[in-house]
Visitor: 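Would you mind keeping the following structure in view while I ask a few things?
Note that the structure is predicted; figures quoted are calculated from it, not measured. All ligand and atom numbering here is 1-based and tracks the order in the structure.
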Amino acid sequence: MSDCIFCKIAAGEIPAELLYRDEEVVAFRDVNPRAPVHVLVIPVEHVPGTRPVDPARAPLLGKLLTVAAGLAEELGIAESGYRLVINQGPDAGQAVFHIHVHLLGGRRMAWPPG
Ligand code: 5GP
Ligand code: ZN
């Protein structure tokens, strides 16, 4: 989508610190990190969020989680633990309407979240 910031990052039109890229998925560091490791994992395709529910997207959503988990290993936070978060909609504080998995780690995190 032309006015979507994450589409622009996926297209290389806006710089980001890329940690992973293939034909379907891109991962990059969050510009405003909330933890020592804060990475966003997104599909190249513009998908606004987890809605509308579409079983055909299951492989892509699974791939986002798999790439995030692989990066956690690479970045050395897998043993200490990490959190994978998708903010969906207003109550979750979703700010960018291109689906993204937050990979957060490197410090102890509160549960339940605020
Ligand atoms: P949301 O609240 O939608 O789940 O989170 C959006 C995230 O995207 C925020 O953590 C924010 O810091 C991050 N973000 C927004 N714009 C940019 C950007 O231009 N570059 C990068 N690297 N991260 C961004
Ligand atoms: Zn987009």
Visitor: Measure Ile5 to ligand 1 on non-hydrogen atoms and call it side chain, backbone, both or neither using the 4.0 Å cut-off.
Guide: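 Under 4.0 Å from ligand 1, Ile5 contributes side-chain atoms alone.
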
Visitor: Contact between Phe97 and ligand 1, counting heavy atoms under 4.0 Å?
Guide: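 No, Phe97 has no heavy atom closer than 4.0 Å to ligand 1.
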
Visitor: Tell me: protein heavy atom nearest atom 14 (N) of ligand 1, and distance?
Guide: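 Checked against all protein heavy atoms, atom 14 (N) of ligand 1 sits closest to Val31 CG1, 4.0 Å.
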
Visitor: Backbone or side chain, does any N or O of Gln94 fall under 3.5 Å from an N or O of ligand 1?
Guide: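 Between Gln94 and ligand 1 (N or O atoms, distance only) the closest approach is not under 3.5 Å.
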
Visitor: Under the side chain to side chain contact (heavy atoms under 4.5 Å, CB included) criterion, do Gln94 and Ile86 qualify, and how do the steps go?
Guide: CA-CA 8 Å; Gln94 184 180 9; Ile86 297 174; over 6 Å; no

Visitor: Hey, what's the ring geometry for Phe6 with Phe28, parallel, tilted or perpendicular (30° and 60° as the breaks)?
Guide: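 Ring orientation of Phe6 relative to Phe28: perpendicular.
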
Visitor: What distance separates Leu103 CG from Leu19 CG, expressed to the nearest 0.5 Å?
Guide: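 Those atoms lie 9.0 Å apart.
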
Visitor: Any idea which protein heavy atom is nearest atom 22 (N) of ligand 1, and the distance to it?
Guide: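 For atom 22 (N) of ligand 1, the nearest protein heavy atom is Arg29 O, 2.9 Å.
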
Visitor: Note the single closest protein heavy atom to atom 6 (C) of ligand 1, along with its residue, its atom name and the distance in Å.
Guide: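 Checked against all protein heavy atoms, atom 6 (C) of ligand 1 sits closest to His100 NE2, 3.5 Å.
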
Visitor: Determine whether any heavy atom of Ile86 lies closer than 4.0 Å to an atom of ligand 1.
Guide: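 Checking ligand 1 against Ile86, which is what was asked, there is no heavy-atom contact under 4.0 Å.
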
Visitor: Consider ligand 1: state whether an atom of it lies below 4.0 angstrom from any non-hydrogen atom of Glu17.
Guide: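 Under 4.0 Å: no for Glu17.
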
Visitor: What's the shortest distance from atom 15 (C) of ligand 1 to any protein heavy atom, and which residue and atom give it?
Guide: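 Protein heavy atom at minimum distance: Val96 CG2, 4.1 Å.
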
Visitor: Within a strict 4.5 Å, meaning less than it, do heavy atoms of the Arg107 and Val37 side chains meet?
Guide: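 Of all side-chain heavy-atom pairs linking Val37 with Arg107, none is under 4.5 Å.
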
Visitor: Is Arg21 reaching over with its side chain to a backbone N or O of Ala10, donor-acceptor style, under 3.5 angstrom?
Guide: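 Judged by distance alone, yes, a pair lies under 3.5 Å.
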
Visitor: Have a look at Leu104, Asp30, Val39, Asn32 and point out the one with the heavy atom closest to atom 11 (C) of ligand 1.
Guide: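 Of the listed residues, Asp30 has the closest heavy atom.
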
Visitor: Are the side chains of Val25 and Ile42 in contact, using a 4.5 Å heavy-atom criterion?
Guide: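 No, side chains not in contact.
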
Visitor: Which atoms of ligand 1 are found less than 4.0 Å from any heavy atom of Gly93?
Guide: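 Numbered from 1, ligand 1 contributes 2 (O).
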
Visitor: Show which atoms of ligand 1 fall inside a sub-4.0 Å distance from at least one heavy-atom site of His102.
Guide: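 Near His102, the atoms of ligand 1 are 1 (P), 4 (O), 5 (O), 7 (C), 10 (O).
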
Visitor: Pull out every atom of ligand 1 sitting under 4.0 Å from any heavy atom of Ala95, numbered as shown with elements.
Guide: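 It comes down to these atoms of ligand 1: 1 (P), 2 (O), 3 (O).
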
Visitor: Is Met109 close to Leu104 at the side-chain level, that is, under 4.5 Å between some pair of heavy atoms?
Guide: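 Yes. Closest side-chain heavy atoms under 4.5 Å.
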
Visitor: Check whether any side-chain heavy atom of Arg29 sits under 4.5 Å from a side-chain heavy atom of His38, and report yes or no.
Guide: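 No. Closest side-chain heavy atoms not under 4.5 Å.
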
Visitor: Which atoms of ligand 1 sit under 4.0 Å from any heavy atom of Phe28?
Guide: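 Under 4.0 Å from Phe28, ligand 1 has these atoms: 21 (C), 22 (N).
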
Visitor: Would you say His100's side chain and His98's backbone share a donor-acceptor pair under 3.5 angstrom?
Guide: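 It does hold such a pair.
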
Visitor: Can you name the N, O or S atom of His98 that is closest to the Zn ion (ligand 2)?
Guide: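 Per the distance ranking, His98 contributes ND1 as its closest N/O/S atom to the Zn ion (ligand 2).
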
Visitor: Please check whether Leu40 reaches ligand 1 - meaning an N/O of the residue sits under 3.5 Å from an N/O of the ligand, judged on distance alone.
Guide: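 No, since none of the N or O atoms of Leu40 sits under 3.5 Å from an N or O of ligand 1.
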
Visitor: Counting C-beta onward and ignoring hydrogens, is there a side-chain heavy-atom pair between Val101 and Leu65 closer than 4.5 Å?
Guide: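 With C-beta onward as the side chain, the pair touches.
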
Visitor: Taking 4.0 angstrom as the limit and counting only heavy atoms of Asn87, give me the atoms of ligand 1 inside it, by number and element.
Guide: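 Those qualifying, in numeric order: 1 (P), 2 (O), 4 (O).
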
Visitor: Check this for me: does any side-chain nitrogen of one of Asp3 and Lys8 sit under 4.0 Å from a carboxylate oxygen of the other?
Guide: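 No, no charged N to carboxylate O under 4.0 Å.
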
Visitor: Please list the nearest protein heavy atom to atom 16 (N) of ligand 1 with its residue and the distance rounded to 0.1 Å.
Guide: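 Heavy-atom neighbour on the protein nearest atom 16 (N) of ligand 1: Phe6 CE1, 4.2 Å.
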
Visitor: For the CD atom of Glu45 and the CG atom of Leu60, what is their distance to the nearest 0.5 Å?
Guide: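 One gets 6.5 Å once the value is rounded to the nearest 0.5 Å.
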
Visitor: Of all the N, O or S atoms in His46, which one sits nearest to the Zn ion (ligand 2)?
Guide: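 Closest to the Zn ion (ligand 2) among those atoms: ND1.
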
